[in-house]
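Protein chains get the first letters and strands the later ones, always in sequence-line order, with residue 1 at the start of each. Just so we're clear, the structure is a prediction, and the values are computed from it rather than from any experiment.
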Amino acid sequence: MAKTEPLPGTSDIFPDETAKWQFIEEAVRTTFQRYGYGELRTPIFERTEVFLKSIGDETDIVQKEMYTFEDRGGRSLTLRPEGTASVMRALANGGIPQGEERKVFYIGPMFRGERPAAGRKRQFHQAGVENVGKIAPHIDVECIAMLDDFIKNLGISKTRMLVNSRGVLTERPQIAEKLHEYFSSYKHLMDEDNLRRLDTNVWRILDSKDEKFQEVILNAPRIDELLSDESRDYFKKVCEGLDVLGIDYEIDPRLVRGLDYYEHTVFELQFDGIGAQNALAGGGRYLIQPPGIKKPLPGVGFACGMERLMIALDELGVSYGEEPGTDAYLVSLGEEALKVNLKLAHQLRGEGLKVQMDLENRGMKAQLRTANKLNAKKCYILGDSELDQGIIVLKNMEDSTQTEIKIEDLLNKG
RNA sequence: GUGAGUGUAGCUCAGUUGGUUAGAGCGUCUGAUUGUGGCUCAGAAGGUCGCCGGUUCGAAACCGGUCACCCACCCCA
């Protein structure tokens, strides 16, 4: 049994579950296309450097979570741990004319070598969008609105939209310095994790869960007060835009997010009840310089964890729509009847019906039981006596009524 | 990477202080109805008790190891 199981943190998705996936994928396509976004499909692996610079050398993703390997030519390749870096690489390759924007969305598997837990897999799936090429507060607003719209279209409620600003790349070192200065005097109160973050990523201390440290964090310099006037103004416009749209959000000065490429607006959509995880989607504005490109490209986007969406949908009891079902089941008694039914099945399928039939000459009862199990709406029953008369019995499985139809009227109609 | 919990039939799970032939419900198949489903009833099939080793007259149970799942920490979608 163990040998047939998929690798830890991966899973097989069987047909009965595929309906859920398709439900979500459908919502992804219809929602994002309404905003003028087109689907971009990039390879599942890339040269490792594509991820290194954009995601950030110091992030956990790069440091310990990437599936990196060498190909036969000795090149370092990596299974994509997230979507944005690949999208930027692809867009840069396609060429973005000066001053134009590109709007794309993607759906697909991502890979991170973490310890699996509820709502966290090694191969997981994300649906995301990227608006690349331009910088304007209202682009960020539309992006957040699109996420809000998407979640509502799925029927997910009880979420929280958190937003914050991290300022622009050039002012970040100064902010980090202020934070470092402040936190350095509380080293004696810090746990292991925070001590490590002090040197690797001070920002992250802000969203530490260490209870004993909360008071220190509350009194820390607020990012919004350290921002430049320009950044503060940008963020103000984003908030005003969200107000205009009536989108429910909270400003969370402690929201920093993990990836290095973010600047200005960052946001996260939270939902309680995905085990210990609460992020359903996250994103923000960024500046990324794909390898081989001279100027970094600005963009804004988000990614949504599809497995987590599914957990939320289950939690809320949202239904995914019906399983495909069966329009007709063909019951054959004897070899001759089976041959006729093979033709009939082919014809009915050609007319667009969902048709199944018994192919092994079982008893009538067994065939009808199967038809019932498949929830077939109708059964066509064909045996010797029907063959003699040139008819077939059509049985309505809901009210058990039967009618006779001439075989020649059914077949060769066209 | 660290820590906890779990592993018995296709599925969900019982299984007494270690004691004959390892159970139930659901599902599957067959029959009651020689060619008519669902409901009911009767019956059947289905298990290396995760794997390896140890203790014991005797292990699904106890001990050690190992693998897997799962949850939490970390981090994130």
- Message: Please classify the nucleic acid contact of A:Ile274 as base, sugar-phosphate, or nothing, using heavy-atom distances under 4.0 Å.
- Response: nothing
- Message: Is it the case that atom CZ in A:Arg362 sees more than 12 heavy atoms from other parts of the structure closer than 6.0 Å?
- Response: yes
- Item | Nearest-Å distance for atom pair CG/C1', residues A:Leu162 and B:rC76 | 15 Å
- Message: Just the rounded figure in Å: distance from C1' of B:rC76 to CZ of A:Arg80.
- Response: 17 Å
- Whole-Å distance between B:rU36 P and A:Glu404 CD? 16 Å
- Heavy atoms, side chains only, cut-off 4.5 Å: are A:Thr30 and A:Asn153 in contact? no
- Query: Do A:Arg204 and B:rC76 share a donor-acceptor pair, side chain to base, under 3.5 Å?
  - Reply: no
- Query: If we take the P atom in both B:rG18 and B:rG25, what is their distance in whole Å?
  - Reply: 28 Å
- Message: Taking B:rG7 as the reference, what is the distance to B:rC62 when you measure between their P atoms (whole Å, please)?
- Response: 10 Å
- Checking N1-N3 plus N6-O4 or O6-N4 for Watson-Crick, or N1-O2 and O6-N3 for wobble, each under 3.5 Å, the partner of B:rU66 is B:rG50
- Could you walk me through whether A:Arg89 and A:Glu46 pass the salt bridge (Lys or Arg N to Asp or Glu O under 4.0 Å) check? CA-CA 9 Å; A:Arg89 197 227 79 234; A:Glu46 299 273 355; 2.5 Å; yes
- Send over the distance from A:Asn372 CG to B:rU40 C1', rounded to a whole Å. 15 Å
- Sugar-phosphate, base or nothing in reach of A:Lys121, heavy atoms under 4.0 Å: base
- Query: Checking all strands, does A:Leu7 fall into the base, sugar-phosphate, or nothing category for heavy-atom contacts under 4.0 angstrom?
  - Reply: sugar-phosphate
- Query: Once you round it to whole Å, what is the distance between P of B:rG35 and CD1 of A:Ile391?
  - Reply: 18 Å
- Message: Taking the C1' atom in each of B:rC11 and B:rC69, what is the distance between them to the nearest angstrom?
- Response: 16 Å
- Item | Distance between C1' atoms of B:rU30 and B:rC52 (Å, rounded) | 40 Å
- Message: Heavy atoms only, 4.0 Å cut-off, all strands: where does A:Pro8 land among base, sugar-phosphate and nothing?
- Response: sugar-phosphate
- Message: Does A:Ala371 reach a base, just sugar-phosphate, or nothing at all? Heavy atoms under 4.0 Å.
- Response: nothing
- Item | Integer angstrom distance from the C1' of B:rC70 to that of B:rA4 | 10 Å
- Task: Would you indicate whether A:Arg349, at its atom CZ, is surrounded by more than 12 heavy atoms from other residues, nucleotides or ligands within a distance under 6.0 Å?
- Result: yes
- Item | Closest nucleotide among B:rG1, B:rC29, B:rU36 to the A:Leu368 side chain | B:rU36
- Query: B:rU55 and B:rG46: how far apart are their C1' atoms, nearest whole angstrom?
  - Reply: 33 Å
- Item | Nucleotide B:rU36, atom P - distance to CD of A:Gln402 in whole Å | 10 Å
- Message: Can you tell me which nucleotide in B:rG38, B:rA77, B:rC71 comes closest to the side chain of A:Ala118?
- Response: B:rC71
- Task: Assign A:Ser385 to base, sugar-phosphate, or nothing according to its heavy-atom contacts below 4.0 angstrom with the strands shown.
- Result: base
- Which part of the nucleic acid, if any, lies within reach of A:Lys373 when heavy atoms closer than 4.0 Å are counted: base, sugar-phosphate only, or nothing? sugar-phosphate
- Message: If I take atom CZ in residue A:Arg115 and atom P in nucleotide B:rA4, what distance separates them, rounded to the nearest angstrom?
- Response: 11 Å
- Task: Specify the separation, in whole Å, of atom CD of A:Glu65 and atom P of B:rC76.
- Result: 8 Å
- Partner nucleotide, any strand, of B:rC41 [Watson-Crick/G-U, under 3.5 Å]: B:rG31
- Task: Look through every strand shown and name the nucleotide pairing with B:rU56 as Watson-Crick or G-U wobble, where both distances are under 3.5 Å.
- Result: none
- Please say whether more than 12 non-hydrogen atoms of neighbouring residues, nucleotides or ligands are located less than 6.0 Å from CG in A:Asp388. yes
- Query: Would you say A:Arg112 reaches B:rC76's phosphate, i.e. side-chain N/O to OP1/OP2 under 4.0 Å?
  - Reply: no
- What interatomic distance, in whole Å, is found between P of B:rA32 and the corresponding atom of B:rA60? 41 Å
- salt bridge (Lys or Arg N to Asp or Glu O under 4.0 Å) assessment of A:Arg172 paired with A:Glu263: CA-CA 9 Å; A:Arg172 290 245 296 279; A:Glu263 67 166 29; 5.3 Å; no
- For A:Gly275, which contact category applies under a 4.0 Å heavy-atom criterion: base, sugar-phosphate, or nothing? sugar-phosphate
- Message: Between A:Val393 and A:Ala366, which residue's closest nucleotide on RNA chain B lies nearer the 5′ terminus?
- Response: A:Ala366
- Task: Sticking with atom P, work out how far B:rG58 lies from B:rU66, rounded to a whole angstrom.
- Result: 26 Å
- Polar pair under 3.5 Å, donor/acceptor by atom type, side chain A:Glu386, base B:rG35: yes
- Item | Check: B:rU36 base within 3.5 Å donor-acceptor of A:Gln367 side chain | no
- Watson-Crick or G-U wobble mate for B:rC26, both contacts under 3.5 Å: B:rG10
- Query: Which comes earlier along RNA chain B counting from the 5' end, the contact point of A:Met306 or that of A:Met364, where each point is its nearest nucleotide?
  - Reply: A:Met364
- Query: With a 3.5 Å cut-off and just heavy-atom distances, do the side chain of A:Glu114 and the base of B:rA77 make a donor-acceptor pair?
  - Reply: yes
- Item | A:Lys237 NZ: over 12 foreign heavy atoms closer than 6.0 Å | no
- Task: Can you check whether any acceptor in the base of B:rU36 is under 3.5 Å from a donor in the side chain of A:Lys365, or vice versa?
- Result: no
- Where does the angle between the aromatic ring planes of A:Phe267 and A:Phe302 fall among parallel (under 30°), tilted (30 to 60°) and perpendicular (over 60°)? perpendicular
